Each structure stands twice: as C-alpha cells, then as structure tokens.
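Each ligand, and each atom within it, is numbered from 1 in the order the structure gives. Hydrogens, waters and symmetry mates are skipped; everything else that's a heavy atom, side chains included, is used. The structure displayed is predicted, hence computed values, not measured ones.
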Amino acid sequence: MKFYKRTETRKINIGGVIIGGGTPVAVQSMTNTDTRDWKSTVKQIKQLEEAGCEIVRVSLPDMESALNAGRIKKNIKIPLVADIHFDYRIALEAIKQGVDKLRINPGNIGSKDRVEAVVKEAKSAGIPVRIGVNAGSLKSVHNYKTVSGKAKELAKSAMEHVKILEDLKFYNIAVSLKASDIATTAEAYKIFAGKRNYPLHLGITEAGSIFSGTIKSSAGLGIMLYEGLGDTIRVSLTADPVEEVKTAYLLLQDLGLRSAGIEIISCPTCSRTEADLIKIVLEMEKETSKIKELKKLKKPLKVAIMGCVVNGPGEAKDADIGIAGGKNTGVLFENGKIIGQVKPDMWVKKLVSMIKKRLGS
Ligand code: SF4
C-alpha cells in the first residue's frame, strides 16, 4: 500500500512546535488532573515539561474548565492543546483563551454554522485542529468483525471529518485514528495516509497499565514509526503521564528517531554473571535520570553494563563507556579502549562520574 510518509506530510505549527514534513517526531502527553483545578493542572504540566514533553493536551469537559485554559497557558512553557467533545461554545472559548491547538471532531459539533464559527476563529487565531477518531466512541466500527473492516471504517470516519474542514478551506489539520488493538490502528493509519498528507498523531488508545501498555504501545507505534508513519506520538498509559513521556522517548530512541539522552545496554544475566547486575542497572537508571544535561544530547550516550567476559568486552568496547564483569572486578572501557578496573560495588559511582565528566556537569 502506498502512503505518505513523515517526510512527505504537511508541516503544521502547534504553538511554535512544528510537526510534519520530516521534523523530529514530537512527544506529547495529556494531563489527568481536573482541569477546573488549574493549579494542579499547571503543576502536572510542569512535571511533564521536566520530563521532556513537547506538547500537552488538557480535556475541557465544561465551560468552567475552558475558562481556565488561559491561566494554564500563561503558567506553562509548552504548547497547550484543548480536547473538546461536542460543544462548539467550549471550542470558541478555548480559542479565546489562547490555546495552541484544538482536538475536536467537526462532525460531532452539530450544525454547519457551529462548525463554521469554530473554523473561522481557529483560522484567525492561526491554530490547527486535530481530528481524532477513536474506535471506542465510533459505534459503526463495531459492526465489523475483521481488522480490515474496522480499519476502513475508522479511516472513513476520519475522512468525513477532514472533508468538513476542507470544504471550509481549512487545511491546518492533524489526524489520529486510534483503536485499542494494534492491527486495526496500524491499518487505519495506513489507509488514511494513502489518501491525505496531513501530519499524523500516533497512539494506541486505552493501551493499559504501565507494564502492559508500554508493551502494546511499543509494538503498535513501533510498527508504524518504523514504516515511516507518524509525526507526533502519545503513549497512552493508565499511569502518571510522566511515564508516558519517558516511554515515548525510549521508544523513539530505540527506533533511531530521537534521543532520550542515554542508552543503557545490559545483558540478561546468567550463571556466568560476576556481579549483582539487576541491582546495578536499576541503580544506574535511577542515578542517570537525575542528570539533566543528558536530555540535551542529540545522540544518546551509549553505556554498556555487562555481566561477564563472554559478550561483555564486545559490547563495552562498542559503547561510549562500558564495563564487562570479571572475578570480583569489572574491566572499564571508554571509547573502545580499556582504561582500568573497578570493583562491582563501585560500578555505578564510577560510570556516573565518567558521564558527568563527559558532559562537563
Ligand atoms: Fe551471561 Fe555473560 Fe551473556 Fe551476561 S554477558 S548473559 S553474564 S554470558
């Protein structure tokens, strides 16, 4: 199937973050606070910013929350997206409050004049609209039993919403077509991308808890990203949204699309393991997550932590920094060369100090 890849999509500007046209795949998340409580919402957005979130979405279920959008916007640094269902007046208020993008399905707003009113204001504010079709709320999808039937229905629904905007000469659009199963989602995105080159917001919706949701999102988003689809992603987890951002960066890093700052290469351990590698690697993840300068690296620093001399020296040599376990010791490598030996209880301390030295921090 031929489809527009991320290098061929239109560029759109979401409050200064450009997505589409081959720009880096942007990481986004969504708050789970009550948006009427603007202070808690801002607090969570600041945590998301700290984690590297580049675009944040808040749901505006009522006018009270819409009236908070401006306050929230003033207190955060990243672009703010307003998620609105059905009520066009909330969309109009959100635009007035200065949000950077709307997520709204024009087919659900009601009469043509309501859609026109929202489009007119979005045009004059210069903000894009994301059409987000979701299998959970699209009843017709459930009339189909096959993946291809469900996917075609999702894509058809997205096209119907897109055409409403196109008929009003509005093309500042991003699109998502989410389902909770991978095959339907991937197929629906491909069908849509075969018809239009609007930038795609990828996600597997209702993916599950931090463990199962990470696996499902990685498998689903991984397939699509690897094939060249997707201009921005949200990993949906039933968890603290900060975890969504961390997962998104690691996923994009593993696909060679973005840097999460550090790539830790560690072996699965076996009877040859010469150190308490599981504990060491967890400690290493915890300690390196505190090094802010790592997040600025365009290319991740590769750190290998290996249990023995079987595969250890090869991986450690190949990394920027590495340790290969030996009898009550570890052979330390930097840039492919042996530079010394370190006892296992000092591995984390030594590696962290070497990383900080490289970063000048
Ligand atoms: Fe086992 Fe060594 Fe391989 Fe680690 S590197 S899994 S300790 S053989």
Pair [X]-[Y], side-chain donor/acceptor within less than 3.5 Å:
X	Y	answer
Ser29	Arg234	no
Tyr198	Glu166	yes
Gln28	His201	yes
Asp62	Ser65	yes

Under 4.0 Å from a heavy atom of [X]: give me the atoms of ligand 1 that qualify, with their elements.
X	answer
Cys270	1 (Fe), 6 (S), 7 (S), 8 (S)
Thr273	7 (S)
Arg272	8 (S)

Task: ligand 1 versus Val309: contacting region, heavy-atom distance under 4.0 Å - done: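 Neither; nothing of Val309 gets under 4.0 Å from ligand 1.
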TODO: Name the closest protein heavy atom to atom 2 (Fe) of ligand 1, giving the residue it belongs to and the distance to 0.1 Å.
DONE: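 Looking only at protein heavy atoms, the one closest to atom 2 (Fe) of ligand 1 is Cys308 SG, 2.3 Å.
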Open item on the list: For atom 3 (Fe) of ligand 1, what is the closest protein heavy atom, and at what distance to 0.1 Å?
Closed with: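 Going atom by atom, the protein heavy atom closest to atom 3 (Fe) of ligand 1 ends up being Asn311 ND2, 3.5 Å.
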Task: Side-chain ion pair, Lys73 and Asp100, N-O less than 4.0 Å - done: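 So Lys73 pairs with Asp100 through a salt bridge.
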Open item on the list: Under 2.8 Å from atom 2 (Fe) of ligand 1, is there any N, O or S atom belonging to Cys267?
Closed with: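 No.
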Task: Atom NZ of Lys298: over 12 foreign heavy atoms under 6.0 Å - done: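 Check fails, neighbour count at 12 or below.
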